[in-house]
Trainee: 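Dropping the structure in here first, questions after.
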2 protein chains.
Amino acid sequence: MLPSTPAEHFAAVPLNKAYRLLNHGPTVLVSAEHAGQHNVMAASWACALDFAPPKVTVVLDKATRTRELVEASGMFALQLPTVPMAAMTVAIGTDSAKTHPGKLQQHGVELFYAPGHAAAPLVQGCAAWLLCRVVPEPHNQQTYDLFIGEVIAAWADDRVFRNGHWEFDTAPDALRTLHYVAGGQFYATGASVRV
Amino acid sequence: MLPSTPAEHFAAVPLNKAYRLLNHGPTVLVSAEHAGQHNVMAASWACALDFAPPKVTVVLDKATRTRELVEASGMFALQLPTVPMAAMTVAIGTDSAKTHPGKLQQHGVELFYAPGHAAAPLVQGCAAWLLCRVVPEPHNQQTYDLFIGEVIAAWADDRVFRNGHWEFDTAPDALRTLHYVAGGQFYATGASVRV
């Protein structure tokens with residue numbers, strides 16, 4: 001049983017602002033649960049797809065345990081790891097739960113449920129979270145490993161996202177999100193550029 | 001007729017490294033051409049989809065002129081605008097060629113063709129370019145405005161991407177790429193984080 005105590009600074013994000021959590025292209029962690037089993041993997045290929053209702057896409061390889069849980073439960077969560085979580089992100093994106101059944105504990109992943117939402121566990125320490133229901137598209141899932149989800153609830157750390165806006169420049173740098181390239185190399189979300 | 005002189009520092013990227021150009025989640029410009037007409041729009045919702053052959057997804061609203069050119073030609077290019085191009089990016093993502101037929105000239109968009117690739121024009125000043133052939137998926141295109149493209153050629157500015165790696169930290173800051181949020185606000189690609 002996971003704790004239902006959420007992260008500190010865990011604040012609801014209105015659904016009409018949820019796309020902004022993914023719009024800057026961050027690397028995500030994908031979590032899912034089915035029949036008492038849960039898992040988390042890293043994914044670079046997640047993207048907003050629509051504003052209202054908010055939808056997302058995410059690519060989930062057939063070899064992953066998390067994908068099996070997503071397919072069985074029809075639910076997943078995307079969440080945005082922060083700079084201090086870079087090593088954990090690479091580790092849980094590299095080790096499979098199929099060969100490393102203790103990977104979450106080994107890599108220090110702490111899970112919790114958002115109050116009233118036990119369909120998928122969330123990862124502590126992230127900057128934002130999006131709970132999604134799979135929009136079944138078997139052809140996309142089979143041919144491209146591409147899953148579409150409708151966002152049914154969203155939250156963010158209110159030190160770094162509030163009033164519908166990211167505030168990376170005034171929040172602690174440890175709350176900056178990550179953008180993965182390859183080979184253990186990320187870029188942090190950088191300076192604000194206003195037009 | 002557009003010039004075929006490419007940007008300075010315009011260097012081919014091997015197709016097996018092309019996914020790295022999009023992996024960090026940058027905002028893109030989408031260009032296309034059909035029957036002598038060309039256009040360019042901005043898009044936040046572009047994402048890598050596969051490694052080999054490299055594929056991408058991009059969301060193209062039905063109201064856009066660029067989408068019509070993509071559907072007619074079966075080709076498009078994605079390219080990564082840099083920090084100095086932020087205002088242009090917002091402008092060509094806001095103004096439609098349908099109501100602003102002179103929008104490219106008005107906003108200073110300079111186009112060129114990559115040598116040997118006249119299927120879609122490319123935008124000068126970007127950090128990287130991916131030329132893509134549409135993989136027809138009418139259901140996705142109609143229902144979700146979601147287009148899949150196979151990358152058939154890729155290039156980057158060799159001051160900022162070389163030997164298969166982004167080098168933002170040693171390149172001029174003006175070559176940093178952009179990550180759009182909303183309302184004219186971007187974040188630049190930030191500091192390197194290595195695990």
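Residue numbers begin at 1 in each chain, while the letters A, B, ... track the order of the sequences.
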Trainee: Does any heavy atom of chain A fall under 4.5 Å from the side chain of B:Val181, the backbone, both, or neither of them?
Mentor: both
Trainee: Taking A:Thr57, A:Val83, A:Ile148, A:Asp145 one by one, which has the highest count of heavy-atom pairs under 4.5 Å against chain B?
Mentor: A:Ile148
Trainee: Quick check on B:Ala46 against chain A: is it the side chain, the backbone, both or neither that has a heavy atom closer than 4.5 Å?
Mentor: backbone
Trainee: Could you walk me through whether B:His24 and A:Phe186 satisfy the side chain to side chain contact (heavy atoms under 4.5 Å, CB included) test, starting with their C-alpha distance in whole Å, then the side-chain angles of each, then the deciding distance to 0.1 Å, before giving a yes or no?
Mentor: CA-CA 8 Å; B:His24 65 301; A:Phe186 298 86; over 6 Å; no
Trainee: Does B:Tyr180 use its side chain to pair, donor to acceptor, with the backbone of A:Gly25 at less than 3.5 Å?
Mentor: no
Trainee: Among the options A:Ala91, A:Gly183, A:Gly190, pick out the one with the most heavy-atom pairs lying under 4.5 Å from chain B.
Mentor: A:Gly190
Trainee: Judged by modelled atom types alone, do B:His165 and A:Gln185 share a side-chain donor-acceptor pair under 3.5 Å?
Mentor: no
Trainee: What about A:Leu22 and A:Phe168, same hydrophobic cluster or not, with Ile/Leu/Val/Met/Phe/Trp/Tyr joined at side-chain heavy-atom distances under 4.5 Å?
Mentor: yes
Trainee: Quick check on the hydrophobic clustering: are A:Leu131 and A:Phe112 connected, directly or via other members, by side-chain heavy-atom contacts under 4.5 Å?
Mentor: yes
Trainee: Would you kindly confirm whether A:Val56 and B:Leu60 end up in one hydrophobic cluster when ILVMFWY residues are joined by side chain heavy atoms under 4.5 Å apart?
Mentor: no
Trainee: Where does B:Asn140 contact chain A at under 4.5 Å (heavy atoms): side chain, backbone, both or neither?
Mentor: side chain
Trainee: Out of curiosity, does B:Leu29 fall in the hydrophobic cluster containing B:Tyr113 (side-chain heavy atoms, cut-off under 4.5 Å, transitive links)?
Mentor: yes
Trainee: Let me confirm one number: the OH-CH2 distance from A:Tyr187 to B:Trp166, rounded to the nearest 0.5 Å.
Mentor: 8.5 Å
Trainee: Is the CZ atom of A:Arg67 crowded by more than 12 outside heavy atoms at less than 6.0 Å?
Mentor: yes
Trainee: Is chain B contacted by the side chain of A:Tyr19, its backbone, both, or neither, given a heavy-atom distance below 4.5 Å?
Mentor: side chain
Trainee: Taking atom CD as the centre, does A:Glu110 end up with more than 12 heavy-atom neighbours from other residues, nucleotides or ligands that are less than 6.0 angstrom away?
Mentor: no
Trainee: For the residue pair A:Tyr144 and B:Leu49, establish whether any side-chain heavy-atom pair is separated by less than 4.5 Å.
Mentor: yes
Trainee: Apply side chain to side chain contact (heavy atoms under 4.5 Å, CB included) to the pair A:His139 and B:His139, showing each step before the final yes or no.
Mentor: CA-CA 10 Å; A:His139 170 68; B:His139 171 67; over 6 Å; no
Trainee: Name the option with the most non-hydrogen atom pairs under 4.5 Å to chain B; the candidates are A:Ala86, A:Ser44, A:Ala48.
Mentor: A:Ala48
Trainee: Name the option with the most non-hydrogen atom pairs under 4.5 Å to chain B; the candidates are A:Glu137, A:Lys17, A:Lys55.
Mentor: A:Glu137
Trainee: Could you tell me whether the side chains of A:Asp50 and B:Trp45 share a donor-acceptor contact shorter than 3.5 Å?
Mentor: no
Trainee: Checking B:Thr27 against chain A: side chain, backbone, both or neither under 4.5 Å from a heavy atom?
Mentor: neither
Trainee: Do A:Val30 and A:Leu104 belong together in a cluster built from hydrophobic side chains that touch within less than 4.5 Å?
Mentor: no
